[in-house]
There are 2 protein chains.
Amino acid sequence: MTVRMKDIATDLNLSKMTISKVLRGQMDVSAKTKARVLQRMKELNYRPNISARSLRTGQTLSIGLIVPSLADPIYTDMARSVVKHLRLANYSVLLSSAEFEPDLERREIEQQLSRQVDALILASVQKSDELVELTRTIQTPLVHLYPGSVLFKSNAVDLHEEEIGHLAASHLVRVGCRRIANVRGPESVASDLRYKGFRAALSEVGQRVRPELTTEADALPAEDYERGVLAAERFLKSKVQPDGIVCHTDLIALGVMDRLSDAGRNIPNEIAVIGCGNDPKLCEMRIPLSSVDFSLGEIGEQTAKLVLKLLASNGPSKVKSVEVSPTLVVRASTSRLDKLSTDRGRR
Amino acid sequence: MTVRMKDIATDLNLSKMTISKVLRGQMDVSAKTKARVLQRMKELNYRPNISARSLRTGQTLSIGLIVPSLADPIYTDMARSVVKHLRLANYSVLLSSAEFEPDLERREIEQQLSRQVDALILASVQKSDELVELTRTIQTPLVHLYPGSVLFKSNAVDLHEEEIGHLAASHLVRVGCRRIANVRGPESVASDLRYKGFRAALSEVGQRVRPELTTEADALPAEDYERGVLAAERFLKSKVQPDGIVCHTDLIALGVMDRLSDAGRNIPNEIAVIGCGNDPKLCEMRIPLSSVDFSLGEIGEQTAKLVLKLLASNGPSKVKSVEVSPTLVVRASTSRLDKLSTDRGRR
DNA sequence: CTGAAAGCGCTAACAG
DNA sequence: CTGTTAGCGCTTTCAG
């Protein structure tokens with residue numbers, strides 16, 4: 001069957017203790033036996049049984065990560081970064097998806113706790129009292145991750161949603177827009193926060209938010225591209241024509257741009273358009289799209305660091321929350337010839 | 001500390017054996033004690049230690065899945081389906097990404113084997129002898145997964161690449177195309193196979209493959225959208241104008257369509273365009289794009305089933321390979337008014 | 001430098 | 001129906 005320490009030990013007339021020491025790189029073994037042991041391990045393809053080790057040591061060197069979905073790059077990008085940075089500290093990650101089902105999420109949490117993860121990272125899909133209760137009873141260190149981390153008053157790393165709207169709007173202001181429209185996403189906390197940032201950016205420079213240039217959350221189809229097309233159509237009919245449009249997603253922005261182009265509008269000179277998400281596939285077509293990048297890699301890195309800090313400090317350390325800022329990526333859809341250099345300088 | 005069986009046992013003046021039996025739902029426990037035990041488990045938030053159980057039983061009820069990347073929906077879509085179908089059989093999945101690094105892939109394999117996965121599913125990024133050797137030495141049941149499964153003469157589930165090209169080309173033939181062009185992807189096994197299927201489809205109906213309407217693998221930029229734009233440009237200058245174009249990816253197809261539209265060509269009536277991948281974000285814009293769907297969910301399901309079969313039949317069962325067929329999704333970019341109904345009927 | 005003993009939390013096999 | 005014994009593969013502790 002499978003090779004154990006004992007097999008190597010008897011092969012070499014040693015005790016399994018010595019094998020264990022070699023395995024873990026302890027210093028009190030002669031160079032010669034060490035070499036013999038390593039040699040035999042190679043030959044037999046020995047692989048330590050981590051279950052057994054964990055049972056003894058009480059730690060698994062594994063960390064659970066539960067995300068809402070694997071179908072959305074938002075989560076996989078964060079996950080990739082978390083995995084990468086935890087691996088540097090020799091931790092493995094048990095990655096699960098809750099598939100946006102609260103019930104499945106709960107089961108995955110239980111499952112990972114049963115597998116004795118040393119810490120748990122949760123990008124939750126729900127805000128139920130039941131979950132809050134559950135997360136309070138567990139001993140395992142827990143870090144909440146965007147989205148949904150806002151609701152838990154504990155260790156959390158989140159994306160600064162408000163700043164997304166602010167960044168987009170103030171960029172348009174800087175390239176000279178005076179009548180800035182906003183195509184909002186479907187009703188959600190994130191959508192509200194981005195809109196709040198948007199309004200703040202306008203009011204800071206004395207511009208007012210025009211209701212006729214703001215779409216209601218539920219007045220448009222949920223399909224993003226179509227949503228953008230219809231929003232643009234509405235703006236084209238409006239009394240006040242916008243000269244800049246902030247879109248809740250990149251795909252909405254593409255719909256907007258297509259409709260505006262069809263109507264003969266020049267982008268970016270007549271109307272500048274900016275999206276959110278900085279999706280590589282969507283931002284490099286026809287008129288390359290300026291977008292607000294969510295800094296998902298940074299979020300993952302901060303999360304990994306917070307977890308490691310928690311693990312290092314034994315005992316319930318102080319609650320710490322981190323909010324990561326999005327970044328602006330300027331491309332053709334907002335690059336007006338006269339303003340471009342100024343704006344690049346401010347990035 | 002953490003709650004163990006023993007705690008519940010002493011609390012209730014029982015032996016831990018009884019607790020174990022309740023936990024596993026064995027029948028030889030009185031309803032009354034069973035209720036008491038379950039009650040106390042709830043109260044104390046007891047969670048069985050899976051490391052300990054695995055050590056004893058020799059199985060972890062976990063299965064390793066290693067994919068080349070988490071950044072590409074091809075892999076995450078397969079992974080989601082694998083996870084879903086293995087969960088139905090009560091297995092957890094340890095999901096890792098090799099990030100396209102052969103070295104990391106090898107380390108992840110070792111890691112998962114050390115964690116005693118009951119079986120391993122590998123969508124490999126490499127074809128090295130070293131890896132083939134490694135996979136031959138391990139005792140753990142192994143299933144190879146698209147892509148890269150071709151090279152291993154063992155349990156494998158693969159996508160029928162050749163059929164992708166065939167499906168796309170024969171669809172264009174059916175809607176009446178006579179001069180079908182092909183925009184190939186960068187040099188790869190997959191690209192060659194799809195092209196092979198493409199040629200087969202044409203020759204089956206007596207059409208010839210025209211060199212001037214086939215792009216060389218390396219003659220164009222690697223960036224897909226731009227690749228499509230330039231390919232279309234070349235076709236527009238060609239002596240023979242194509243009336244249908246098969247594209248290696250959806251993004252290439254978008255580039256192609258944009259360039260053709262700019263040149264005033266009508267899609268689909270003058271030129272029909274079809275992509276591969278059926279990416280939801282990319283296929284629903286302007287002229288909705290017909291595409292060949294890779295049936296990734298089906299691949300995942302077949303993989304899960306093969307693994308479960310392997311696990312059920314103890315002993316080295318016969319090698320089994322499955323090849324999953326892609327499917328055609330017809331949208332506006334190939335829907336010619338006169339031929340549409342015929343074609344829909346054949347789907 | 002090497003090794004013997006004990007036990008992590010759980011369950012298989014068998015007794016009562 | 002309930003409990004006893006033994007041991008999974010490893011590491012901690014302490015003795016040679």
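Each chain gets a letter, A, B and so on, in the order its sequence line appears, and its residues count up from 1. Given the structure is predicted, the values throughout are model-derived calculations rather than measurements.
Ion pair Lys84(B)/Glu99(A) not flagged as a salt bridge, since none of the NZ, NE, NH1 or NH2 atoms sits closer than 4.0 Å to an Asp/Glu carboxylate oxygen. Comment: Glu108(A) engages Arg87(B) in a salt bridge, judged by a side-chain N to carboxylate O separation of less than 4.0 angstrom.
Considering only residues two or more places apart in sequence or on other chains, Lys305(A) meets the side-chain contact (heavy atoms from CB on, under 4.5 Å) condition with Glu301(A). Annotation: side-chain contact (heavy atoms from CB on, under 4.5 Å) contacts of Ser325(A) (sequence neighbours excluded): Glu163(A). Qualifying side-chain contact (heavy atoms from CB on, under 4.5 Å) partners for Ile50(A), counting only residues two or more places apart in sequence or in other chains: Ser54(A), Gln111(B), Ser114(B), Arg115(B).
Atom CZ of Arg4(B) is separated from atom P of dT11(C) by 14 Å (rounded to the nearest Å). Atom NZ of Lys34(B) and atom C1' of dT2(D) are 15 Å apart (whole Å). Residue Met5(A) contributes atom CE, which lies 14 Å from atom P of dC8(D) at whole-angstrom precision. Distance Ile19(A) CD1 to dA4(C) C1': 15 Å, rounded to the nearest Å. Following rounding to the nearest Å, Lys16(A) (NZ) and dT11(D) (C1') show an atom-to-atom distance of 9 Å. Per the geometry, CD belonging to Gln59(B) stands 17 Å off C1' belonging to dG9(D), to the nearest Å. Atom P of nucleotide dG9(D) and atom NZ of Lys6(A) are separated by 9 Å, given to the nearest angstrom.
Phosphate contact (OP1/OP2 of dC1(C), side-chain N/O of Thr18(A), threshold under 4.0 Å): absent.
Contact check for Ile63(B) versus Leu120(B): no side-chain heavy atoms found under the 4.5 Å cut-off. No side-chain heavy atom of Leu145(B) sits less than 4.5 Å from a side-chain heavy atom of Leu159(B).
For the helix from dC1(C)-dG16(D) to dG16(C)-dC1(D), the angle separating the two terminal helix axes comes to 40°, with each axis derived from five pairs and the value rounded to 10°.
Remark: the Thr76(B) side chain and the Arg80(B) side chain contain no N/O donor-acceptor pair separated by less than 3.5 Å. For the residue pair Gln59(A)/Thr57(A), the side-chain donor-acceptor check at 3.5 Å is not satisfied. With hydrogens and angles left out, the side-chain atoms of Thr2(B) and Gln139(A) include no donor and acceptor closer than 3.5 Å.
A heavy atom closer than 4.0 Å to some atom of DNA chain C occurs in Leu55(A), Arg56(A), these being the qualifying members of residues 38-58 of chain A. Listed by residue number, Ser20(B), Arg24(B) are the residues of residues 20-32 of chain B with a heavy-atom contact under 4.0 Å to DNA chain C.
Atom CD1 of Ile66(B) is separated from atom CG of Leu95(B) by 9.5 Å, given to the nearest 0.5 angstrom.
Here the side chain of Met17(B) is nearest to one of dG3(C), dG3(D), dG9(D), namely dG3(D).
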